[in-house]
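Beneath this line is the structure, given in structure tokens, with notes to follow.
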Amino acid sequence: MTSLLAGNRAQSVSARPKNLSLSNVLAYGEHMARFWRPGSERPRATLVDDEEGGVLFVSAPPSSSSSGFGHSSLERQRQRLPVFKYRDAILYLVENHATTIIVGETGSGKTTQIPQYLKEAGWAEGGRVVACTQPRRLAVQSVASRVAEEMGVKIGEEVGYTIRFEDQTNPSVTVIKFLTDGVLIREMMDDPLLTKYSVIMVDEAHERSLSTDMLLGLLKKIQRRRPELRIIISSATIEAKSMSTFFQARKKDLRHAAEDCVPSHLPAILSVEGKGYTVEIHYVEEPVPDYLQAAVHTVLSINDKEPAGDILVFLTGQDDIDAAVKLLREDTQDDRRRTSGLLVLPLYSGLSRDDQGLVFAPTPKGKRKVVISTNIAETSLTLEGVVYVVDSGFSKQRFYNPISDIESLVVTPISKASARQRAGRAGRIRPGKCFRLYTEEYFLKEMPTEGIPEMQRSNLVSCVIQLKALGIDNILGFDWLASPPPEAMVRALEVLYSLGILDEDAKLTSPIGYQVAEIPLDPMISKMILSACNFGCSEEIITIAAVLSVQSIWVSMWGAQKEFDEVKLHFAAAEGDHITYLNVYKGFLNSGKSSQWCYKNYLNYQAMKKVVDVRDQLSRLLRRLGLALKSCEKDTQILRKAIIAGFFANSCHLEEYSHNGLYKTVRSSEEVYIHPSSVLFRVNPKWVVYHSLVSTNKHYMRNVIAIDPSWLIEAAPHFYQLRAPNLAPC
DNA sequence: CCAGTAGCA
């Protein structure tokens, strides 16, 4: 057990990426407190041309001593942030370049400070707005309130934010606006050129989320029509180079521009150091056969040998994590002396709010906290107090096979960028250590530098419909930051065509296609809702749509499986999960939206509140689209027909003589099973339609309804015409 | 004989 650590070779490595190499020293004046303003003389910086891409680099100026008297402590804190030294350089680059790429790790202060610098320099004057996008809602809210505090204003006035369900802005006074990148894409539907924004900063671009990639592609298009727009891309990794190449204006466009036109079409790159402490990296000498065992041993070993400090372990999923937690807690009982000081806590998104909260509680005196987490702690949540990180080298990732149209969750080796990010989590309060459960040779020679962008491993129907709604007809020719496989694009077009959302020329149909684009949900759900309006069951269907759009309304279970199943029986409907959800929602309303009631019924209260929110928004949206809200009063056949209108492609029939619940999809004869969480698990009706497939060991259908196969032909004759002979009577 | 990486509109 202890040999594992002894076998680790220690190597001192900074967890943060090195600064970009082409550096010159900025010769700075002493007047750090003064702002550089557009139109004034440029800061005395040395700018260097990169021969490869014509990229400009600005190097790190010597650190300045703040003159700081007369400032509030908040102001002094702002000046101590690493990014402060680069204020003039950033403002200069933004003034002179259409696109500026800022490479900076966590703690550099770029997210909170740069929007303020831009405002101070006048970019928010004359009714213009500085925007800053984030991939996550929580980040939008917390960054916005921090900036409002620093500026001494109330949130929703000069500084505001917009996320779904919450618009905390005031159009006449808001000058700095934080929003999710998804919201900004939605805003383009009303204002395609985003005319009110003078600068748009896209933060966390290295995460390469679906909507960030899409936004960057769209912004590049906008830039051609709005030369005065400035774009800042902020990224934690040196992927900057490919971003820079992407944003470089094409030669054709440059011909008309003067050589030294302002702004330059050559993107600028600036590197800002972070505030993280050095993290010592340890590798194993031999590959480990079982990362779960290795992780547990490493934790015990750290507890034995290393001084106080919390431990963060990265595993892949709930299964792994629960198993590891169990092992460590058992060990606590076996061997009181050694591990009695360990407080072992799981962390993943499926946990209830309360359980997630436990990991943020301060560690009791004399205890050492061990948090066993999924990727959620890599980007979404930050744990203070972590000094040791154990990195399994794996995470679960979603992959999409456009041929079979199936998404699967696969345990996948992480990238070097992720490994570095994970290690960095150990260096937030003081120098830390990271124990990698893979060899150094593997890290250096085999681990991929960057992960595969989400765009290249996803189903693209939502993407395609949004681009269509923005009037981009040539999807295959769209200038993507990373092109998705053409098969995936073709598949998305096919699916949208079969739903009647696109016509033969791949144009949005009227009114269905345009209405679907207006609804901020998966197109199959939107189609289901629109059909429900015709069937006269929209009241019920928007409830179902709302439930399907939250993670899971059931509370994640530990031991009480049997009681849980019994409670669920209360609500269970023979027709399937969707109808069951209606019963749950009704019960929730009858209870007066009580959290106690949720607790008793193994329901996630937060999730139920979100269901109510989403449902409200959908009913407002339907009213705006002039569609009727009607109830079908318990006619579950009509309800299921409306569901089928969106999900007819997901039909399956039970294999004859199947004793283990084997189904085959009608479309492609894939072998699938009903997910154990479904109320139809073990009920196994002859014909079913599922909402989604999750593919782990097997293909599991989640959210299933029982149907009559004749409804399929009725709903989608074009889709089932050729297959009709296969639809045996039931 | 049985289970959900993360996240957004």
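The sequence lines fix the lettering, A, B, ..., with proteins before strands; numbering per chain opens at 1.
- Atom pair F165(A):CZ and dC8(B):C1' shows a separation of 11 Å (rounding to whole Å applied).
- Using a 4.0 Å heavy-atom cutoff across all strands shown, Q466(A) reaches no nucleic acid atom at all.
- Within the 4.0 Å cut-off from OP1 or OP2 of dT5(B), not a single side-chain nitrogen or oxygen of T316(A) is found.
- Taking the six-membered ring for Trp and the full ring otherwise, H653(A) and Y663(A) have centroids separated by 6.0 Å or more.
- OP1 or OP2 of dG7(B) lies within a sub-4.0 Å distance of a side-chain N or O belonging to S380(A).
- Closest heavy-atom contact between L328(A) and V296(A): CD2-CG1, 3.9 Å.
- Residue L347(A) contributes atom CG, which lies 12 Å from atom C1' of dT5(B) at whole-angstrom precision.
- Using a cutoff of 4.0 Å between basic side-chain nitrogens and carboxylate oxygens, K698(A) and E670(A) are not scored as salt-bridged.
- Here the C1' atom of nucleotide dA6(B) and the CG atom of L351(A) are 14 Å apart, to the nearest Å.
- An OP1 or OP2 oxygen of dA3(B) is reached within less than 4.0 angstrom by no side-chain nitrogen or oxygen of K698(A).
- If you take CD of E204(A) and P of dG7(B), they are 13 Å apart, rounded to a whole angstrom.
- As a whole-Å value, the separation of Y400(A) OH from dA6(B) P is 22 Å.
- Contact annotation: T696(A) reaches the phosphate of dG4(B) (side-chain N/O to OP1 or OP2, under 4.0 Å).
- Considering only side-chain N and O atoms, S349(A) lies nowhere under 4.0 angstrom from the phosphate OP1 or OP2 of dT5(B).
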Can you give each donor-acceptor pair under 3.5 Å made by side-chain atoms of residues 604-621 of chain A, sequence neighbours left out, with the distance rounded to 0.1 Å?
unit_1, atom_1, unit_2, atom_2, d
N604(A), OD1, Q606(A), N, 3.0
N604(A), OD1, A607(A), N, 3.2
Q606(A), OE1, R353(A), NH2, 3.4
R615(A), NE, T543(A), OG1, 2.7
R615(A), NH2, E539(A), O, 3.0
R615(A), NH2, E539(A), OE1, 2.7
S619(A), OG, D616(A), O, 3.1

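- Among the protein residues, T374(A) comes within range of the sugar-phosphate backbone only, with heavy atoms under 4.0 Å from sugar or phosphate atoms but none that close to a base.
- Side chain to side chain, R425(A) and T382(A) meet the donor-acceptor criterion of an N or O pair below 3.5 Å.
- Across all strands shown, I376(A) has heavy atoms under 4.0 Å from sugar-phosphate atoms exclusively, and none from any base.
- Side-chain N/O atoms of T379(A) include none lying less than 4.0 angstrom from OP1 or OP2 on dA6(B).
- Among the nucleotides dA3(B), dA9(B), dA6(B), the one closest to the side chain of N697(A) is dA3(B).
- Within the 4.0 angstrom heavy-atom criterion, base atoms lie near R702(A).
- Following rounding to the nearest Å, M455(A) (CE) and dC8(B) (C1') show an atom-to-atom distance of 13 Å.
- Between E454(A) and R398(A) there is a salt bridge, since a side-chain N of the basic residue sits under 4.0 Å from a carboxylate O of the acidic one.
- Using a 4.0 Å heavy-atom criterion, one finds that Y700(A) contacts the sugar-phosphate atoms exclusively.
- Using a cut-off of 4.0 Å between Lys/Arg side-chain N and Asp/Glu carboxylate O, R420(A) and E378(A) are scored as not salt-bridged.
- Contacts between residues 180-188 of chain A and DNA chain B, defined by a heavy-atom separation below 4.0 Å, involve T180(A), G182(A), V183(A), R186(A), listed by number.
- Here the two rings, on F647(A) and Y690(A), have centers that are 6.0 Å apart or farther.
- Residue contacts for D522(A): at a heavy-atom cut-off of 4.0 Å it reaches a base atom on one of the strands shown.
- Of the candidates dA6(B), dG4(B), dA3(B), the closest approach to any side-chain atom of R398(A) belongs to dA6(B).
- Between the P atom of dA9(B) and the CD atom of E166(A) lies a distance of 11 Å, rounded to the nearest Å.
- Rounded to an integer number of Å, the gap from L409(A) CG to dG7(B) P is 14 Å.
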